[in-house]
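This report refers to the structure that appears directly beneath it.
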Amino acid sequence: MLGKYKWTFMITLFMLALMTAFLLQGVNRSNASGDLSDPFLDPYALSLAHRHAGPGLESAAEKNVQIQLAWPQGEVIAGAQALLSLTVRGGKGEPIEDFEVTNEKLLHLIAVSEDLQQFQHVHPVYKGKGIFELPIVFPEGGAYKLYADFLPKGMNELTRMGEVSVRGEPPAPAILKPSETLVAQVNGMRVELSLGEEPLPQTELSMTYTFTDAKTGEPIDDLELYLGAVGHVVAIDQSMRQFIHIHPLNWASKGPQAVFGVSFRESGLYKVWGQFQRNGETFVVPFAVQI
């Protein structure tokens, strides 16, 4: 009997030693690789849970949270700087004052023109009492949608939408069509997007951006973190009702690949903007894809 317990004790010690060695290996790794063996993989993103829950899964308190937009300097004019004041309010109209940081900011604002040709990802400054302010310039006249991403303390991350009509010459009508090829040339780089398989709604998809030198074809491996990650992707459908802010799986990668997990809620034509950074410069890679 004593020998039996002795062997059990020795096996337990051996297993603990193996686990300790494994954990120490992870601690000593400081650089992320560019593939899915990356130790900096976001486990929430890998399960495709690291995204906004959507209105259907919000609690009653979360559903009552709304945003109020105001333009203290008057009418918004194309090409001129306008001051945006955005207030986050609860169900009784009271300002929500406490927010958690998400991707290095308290609030992310995506401004998109009605034809999905103009895109801005900006960050209003918190002034207290639920109020965020930002000077912003809209390059063309017409209607714009404003999508605010924020995380009130004690709640899930929320997305709320507002609208603004910008006075000025509207752009020539543009018809959104699926991109003929998911390859773009940006800042001397060749950027290719792969969806992995046939993109269907409510199906778990991987979106992989591959970066190579446009002249030599050599892999790009010096991407920089943008808002705490290798990149961010925003997808908005043609009707502008579906908004998805997608985070990377291999968040600390420097390239040549940035991999994202996503599930599109509905079928339709989507404009997809990938946002990345290199040499201190942020750049945007847009595509249009049919789901």
Side-chain angles (χ1 to χ4, degrees), residues 52 54-55 58 62-91 93-97 99 102-103 105-152 157-176 227 232-246 265-266 268-275 282 284 286 288:
H52 305 284
E58 291 178 2
E62 290 168 347
K63 289 180 179 179
N64 286 330
V65 175
Q66 300 298 327
I67 61 171
Q68 178 183 3
L69 305 181
W71 305 91
Q73 296 175 344
E75 187 178 21
V76 183
I77 302 173
Q81 182 173 282
L83 179 64
L84 167 63
S85 178
L86 183 155
T87 305
V88 182
R89 298 189 181 277
E94 76 285 2
I96 293 178
E97 301 191 30
F99 300 88
T102 61
N103 300 114
K105 302 294 181 179
L106 290 179
L107 189 143
H108 298 259
L109 187 71
I110 309 297
V112 182
S113 59
E114 194 173 42
D115 60 3
L116 298 178
Q117 298 303 305
Q118 298 294 331
F119 172 90
Q120 295 186 59
H121 181 173
V122 290
H123 304 99
V125 176
Y126 187 46
K127 298 295 185 177
K129 297 184 178 180
I131 300 173
F132 292 82
E133 289 186 354
L134 173 77
I136 186 171
V137 177
F138 297 96
E140 297 177 335
Y144 287 76
K145 302 284 189 184
L146 305 180
Y147 303 88
D149 268 1
F150 52 93
L151 177 57
E157 192 170 354
L158 304 177
T159 298
R160 294 294 181 265
M161 185 185 71
E163 300 179 346
V164 61
S165 180
V166 178
R167 182 165 67 87
E169 187 67 25
I175 299 176
L176 186 66
L227 298 174
H232 295 268
V233 173
V234 168
I236 300 175
D237 76 324
Q238 194 171 25
S239 71
M240 305 191 82
R241 293 183 294 104
Q242 298 295 323
F243 171 91
I244 313 175
H245 189 168
I246 312 163
R265 303 182 189 97
E266 297 181 1
L269 182 58
Y270 286 76
K271 188 73 174 281
V272 178
W273 295 269
Q275 302 163 80
T282 301
V284 179

Within a strict 4.5 Å, meaning less than it, do heavy atoms of the [X] and [Y] side chains meet?
| X | Y | answer |
| --- | --- | --- |
| P95 | I131 | no |
| V234 | Y147 | no |
| I110 | W273 | no |
| Y270 | L116 | no |
| F99 | V88 | yes |
| R265 | I244 | yes |

Can you give the donor-acceptor pairs under 3.5 Å from side chains of residues 122-130 to other protein atoms, not counting sequence neighbours?
{"residue": "H123", "atom": "NE2", "partner": "H108", "partner atom": "ND1", "Å": "3.1"}
{"residue": "H123", "atom": "NE2", "partner": "H121", "partner atom": "NE2", "Å": "3.2"}
{"residue": "Y126", "atom": "OH", "partner": "E97", "partner atom": "O", "Å": "2.8"}
{"residue": "Y126", "atom": "OH", "partner": "K129", "partner atom": "N", "Å": "3.3"}
{"residue": "Y126", "atom": "OH", "partner": "G130", "partner atom": "N", "Å": "2.9"}

Locate the shortest heavy-atom distance separating [X] from [Y]; write the atom from each residue and the value.
| X | Y | answer |
| --- | --- | --- |
| I246 | A235 | CD1-CB, 4.4 Å |
| L106 | F132 | CB-CE2, 4.0 Å |
| G162 | I67 | N-CD1, 4.2 Å |
| D237 | S239 | OD2-OG, 2.6 Å |
| G274 | V233 | CA-CG2, 4.1 Å |
| A82 | V76 | CB-CG1, 4.1 Å |

How long is the straight-line distance from [atom2] of [Y] back to [atom1] of [X], given to the nearest 0.5 Å?
| X | Y | atom1 | atom2 | answer |
| --- | --- | --- | --- | --- |
| N103 | D149 | CG | CG | 9.0 Å |
| I96 | Q66 | CD1 | CD | 9.5 Å |
| T102 | L151 | OG1 | CG | 6.0 Å |

Not counting sequence neighbours, which residues clear side chain to side chain donor-acceptor pair (under 3.5 Å) with K105? List them please.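 Applying side chain to side chain donor-acceptor pair (under 3.5 Å) to K105 gives none.
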Could you tell me whether a side-chain N or O of Q68 sits under 3.5 Å from a main-chain N or O of G93, the two making a donor and an acceptor?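 Here the side-chain-to-backbone pair does not exist.
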Using only atom types and a distance under 3.5 Å, with no angle test, would you say the side chain of R160 pairs donor to acceptor with the backbone of V65? yes
More than 12 non-hydrogen atoms from neighbouring residues, nucleotides or ligands closer than 6.0 Å to CD on E114, yes or no? no
Taking it one step at a time, do W71 and V164 satisfy side-chain contact (heavy atoms from CB on, under 4.5 Å)? CA-CA 10 Å; W71 305 91; V164 61; 3.6 Å; yes
Determine, stepwise, if the pair L109 / L84 fulfils side-chain contact (heavy atoms from CB on, under 4.5 Å). CA-CA 11 Å; L109 187 71; L84 167 63; 3.5 Å; yes
Using side-chain contact (heavy atoms from CB on, under 4.5 Å), reason through L227 and H232 one step at a time and then give a plain yes or no. CA-CA 8 Å; L227 298 174; H232 295 268; 3.5 Å; yes
Quick check on side-chain contact (heavy atoms from CB on, under 4.5 Å): which of E140, Q120, Q118, K145 does S113 satisfy it with?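 Only one of E140, Q120, Q118, K145 forms a side-chain contact (heavy atoms from CB on, under 4.5 Å) with S113, namely Q118.
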The single option from M240, Q117, Q238 that satisfies side-chain contact (heavy atoms from CB on, under 4.5 Å) with K271 is Q117
Yes or no on side-chain contact (heavy atoms from CB on, under 4.5 Å) for I236 and F119, after CA distance, side-chain angles and deciding distance? CA-CA 11 Å; I236 300 175; F119 172 90; 5.7 Å; no
Residue list, ring pair (Phe, Tyr, Trp, His ring centres under 6.0 Å) with Y144, at least two apart or on another chain: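 Counting only residues at least two positions away or on another chain, Y144 forms a ring pair (Phe, Tyr, Trp, His ring centres under 6.0 Å) with F138.
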